[in-house]
Number of protein chains: 2
Amino acid sequence: MMTELASFDIFMRTAFGVEPAARAGLQLKAMAEAKCLGPHEEAPLGKRESNVLYIGSGATKLAARASDNREQIVAFHFGGDIFSVPADDLHSYSVSSLEPTSLLVFPARPFFDCASSDPRISRALLERQRTALHRCRDKAVALGQKNALERLAGFLFAMADRIGTGSGVRRILDLPMSRRDIGDSLGLTIETVSRQLGALRKAGLIETHGRSRIVVRDLNDIAHLSGHCGKSERTEPIEADFDLDQCERLPVGVARPQTGGQS
Amino acid sequence: MMTELASFDIFMRTAFGVEPAARAGLQLKAMAEAKCLGPHEEAPLGKRESNVLYIGSGATKLAARASDNREQIVAFHFGGDIFSVPADDLHSYSVSSLEPTSLLVFPARPFFDCASSDPRISRALLERQRTALHRCRDKAVALGQKNALERLAGFLFAMADRIGTGSGVRRILDLPMSRRDIGDSLGLTIETVSRQLGALRKAGLIETHGRSRIVVRDLNDIAHLSGHCGKSERTEPIEADFDLDQCERLPVGVARPQTGGQS
DNA sequence: CGAGAGCTTGATTGGGATCAAGGAAAGTGG
DNA sequence: CCACTTTCCTTGATCCCAATCAAGCTCTCG
């Protein structure tokens with residue numbers, strides 16, 4: 001159908017810079033399956049084997065079930081992203097849309113078999129996988145070592161980078177995910193997410209408008225709170241410790257983060 | 001030197017099934033740097049850019065610094081493993097040996113540039129990256145959603161799979177990492193690791209001999225405790241809930257794991 | 001064998017989960 | 001457009017698992 005053709009061609013050109021008529025392009029096209037998801041819909045995937053997904057437009061969450069009421073969101077994905085979905089192994093993975101989404105689904109094995117035949121495609125995929133792995137590692141650091149406030153600040157920082165609008169240090173975020181999704185992504189409950197957002201709001205670091213819009217007043221402050229300690233000073237470094245207590249007495253331990261949170 | 005040549009040739013043959021004399025092999029060889037590490041030594045890496053490492057023999061930990069006294073071990077690697085080390089970005093990463101280790105270091109960008117030119121190499125790398133990513137995601141699930149006992153059981157299960165010896169359901173683990181390393185990997189303190197190991201020992205599920213040897217009596221029990229819920233029933237499934245309290249009154253919440261641990 | 005690092009065990013504390021109400025948004029039907 | 005409904009979000013009170021603090025113990029190695 002026309003829709004499938006069009007989105008596939010865009011996929012080949014934007015993701016790999018390869019014309020869809022190339023040999024690998026035709027092979028990939030043969031195994032592509034286009035899907036359109038409503039606002040909150042799980043993508044139908046064969047769970048027996050891994051899949052590779054391309055998000056044409058929209059937003060999705062990649063989640064793992066740990067048990068009936070324990071879900072860990074492993075990654076969020078937005079338009080233009082390519083990622084692989086593990087087959088059900090130790091955990092059961094699923095992809096769900098956060099808003100209306102169009103995507104392409106490939107079976108992982110033949111996809112990689114074919115992709116490796118074209119240097120441009122395999123080079124791009126290796127780079128994207130490396131990015132995904134590094135994001136996942138940073139998430140592991142957050143989940144293993146950071147407290148609730150640091151995790152939330154890290155989340156806001158990452159979202160500002162990926163879907164934020166606005167210039168300078170001020171960023172506007174229209175988050176497609178619910179508080180529950182944020183909590184499931186950060187290993188926190190919705191109550192804790194709400195409380196920490198409230199703390200940031202009271203401290204004057206963010207504004208919230210409605211349910212989905214969050215305005216970051218100064219990205220530097222958020223970056224500072226997130227407990228990152230590499231050399232990525234994208235914006236200007238902050239000298240003095242920012243103290244959430246400056247506005248109001250708050251039971252938030254910013255200055256003394258724990259070794260490993262509480263679990 | 002001879003050592004470097006020999007280990008590089010082994011690398012090409014075992015990792016990719018490609019003769020070192022192939023064109024891509026010669027290019028890779030030119031950028032390879034062989035290192036030998038003592039028992040507990042940090043690998044000297046240029047942190048400005050990502051590196052790709054191949055472990056010829058030995059064992060290493062890949063760790064991220066979150067702050068002065070918060071370290072998250074992101075992965076352990078053993079002989080034959082290939083993995084990429086992120087450049088310092090949000091966090092600062094380092095690779096350290098757990099025992100005497102020989103390895104090859106490549107700068108990531110030219111390594112991937114070159115690797116993508118050979119379909120056999122890029123195919124193998126895509127597969128390894130996919131495995132690394134899936135391991136990291138499973139770790140994220142553990143860190144975000146599981147309690148101390150489940151994490152430790154998951155760790156033992158994974159180690160039994162990777163470096164365990166013995167047949168049937170009984171597995172012998174000679175762990176090269178310390179309790180601190182285990183704790184840093186699971187987002188727990190050494191005390192908690194020790195307590196949970198003690199609980200497993202008292203419950204008769206494991207034996208400990210000296211500091212490094214752990215014998216898993218029945219891998220099924222450990223798998224069951226780890227809270228995995230996919231379809232990977234490698235060994236036989238267990239019907240009844242195993243109850244740690246059967247041996248002694250223990251304050252261990254096995255039956256009622258929490259939503260997200262405590263942080 | 002002795003020193004010291006690494007491990008174990010106990011007592012207490014604390015951060016975030018859980019339990020429990022309310023309150024604001026978004027959707028629905030009249 | 002407005003009541004009604006529902007879902008999602010916020011805020012408060014209490015509880016609990018794992019962190020922290022504090023001794024001892026035990027391997028390992030020189």
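Below, chain A is the first sequence line, B the second, and so on; all start at residue 1.
- Residues satisfying the side chain to side chain donor-acceptor pair (under 3.5 Å) criterion with B:T60, sequence neighbours excluded, are absent altogether.
- Rounding to whole angstrom units, NE2 of residue B:H209 and C1' of C:dC7 are separated by 16 Å.
- Atom CD in A:E191 sits about 14 Å away from atom P in D:dC8, given to the nearest Å.
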>> Using a 4.0 Å heavy-atom cut-off to protein, can you give one letter per nucleotide of nucleotides 1-6 of chain D, 5' to 3': B if the base is in contact, S if only the sugar-phosphate is, - if neither?
In response: ------
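- No donor-acceptor pair under 3.5 Å is formed between the side chain of B:S97 and the backbone N or O of B:P100.
- If you measure from atom CG of A:L149 to atom C1' of C:dG14, you get 16 Å, rounded to the nearest angstrom.
- As a whole-Å value, the separation of A:R195 CZ from C:dA21 C1' is 13 Å.
- Between A:D89 atom CG and B:D138 atom CG the span is 6.5 Å, to the nearest 0.5 Å.
- Rounded to an integer number of Å, the gap from CD1 of A:I190 to P of D:dC9 is 7 Å.
- The aromatic rings of A:F157 and A:H228 stand perpendicular to each other, their planes meeting at an angle above 60°, with 30° marking the opposite boundary.
- In summary, the side chains of B:K139 and B:S185 do present a donor paired with an acceptor at a separation below 3.5 Å, with no hydrogens or angles considered.
- Here the straight-line distance linking atom CD1 of A:I214 with atom CZ of A:R171 works out to 15.0 Å at 0.5 Å rounding.
- One atom, CG of A:L152, and another, P of D:dT10, lie 11 Å apart when rounded to the nearest Å.
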For nucleotides 1-4 of chain C, list the nitrogen or oxygen atoms of the protein found under 3.5 Å from its nitrogen or oxygen atoms, one pair per line.
none

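- For CZ of A:R170, the number of neighbouring non-hydrogen atoms (other residues, nucleotides, ligands) closer than 6.0 Å is greater than 12.
- A:R201 has a side-chain polar atom (N or O) that falls below the 4.0 Å cut-off from OP1 or OP2 of D:dT10.
- For the side chain to side chain donor-acceptor pair (under 3.5 Å) test, no residue two or more places apart in sequence or in another chain qualifies with B:S96.
- Just one residue in the list A:L156, A:N220, A:L205, A:L152 forms a side-chain contact (heavy atoms from CB on, under 4.5 Å) with A:L225, and that residue is A:L205.
- Between the CZ atom of B:R70 and the C1' atom of D:dT20 there is a distance of 15 Å, given to the nearest Å.
- Among the atoms of the strands shown, only primed sugar atoms or phosphate atoms (P, OP1, OP2) are found under 4.0 Å from some heavy atom of B:S178.
- Here B:R211 pairs with nothing under the side chain to side chain donor-acceptor pair (under 3.5 Å) rule; sequence neighbours left out.
- Heavy atoms of other residues, nucleotides or ligands lying less than 6.0 angstrom from CZ of A:R162 number more than 12.
- Using five terminal pairs a side, the axes of the helix from C:dC1-D:dG30 to C:dG30-D:dC1 at its two ends make an angle of 50°, given in steps of 10 degrees.
- Between B:T192 and D:dA19 there is a side-chain N or O to OP1 or OP2 distance below 4.0 Å.
- Between the CG atom of B:L197 and the C1' atom of C:dT8 there is a distance of 10 Å, rounded to whole Å.
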>> Evaluate B:K35 against B:E41 for salt bridge (Lys or Arg N to Asp or Glu O under 4.0 Å), listing each step before the verdict.
In response: CA-CA 11 Å; B:K35 301 262 168 77; B:E41 194 179 343; over 6 Å; no
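- The phosphate of D:dT7 has neither OP1 nor OP2 within less than 4.0 Å of any side-chain N or O from A:R180.
- A:S194 has no side-chain polar atom (N or O) that falls below the 4.0 Å cut-off from OP1 or OP2 of D:dC9.
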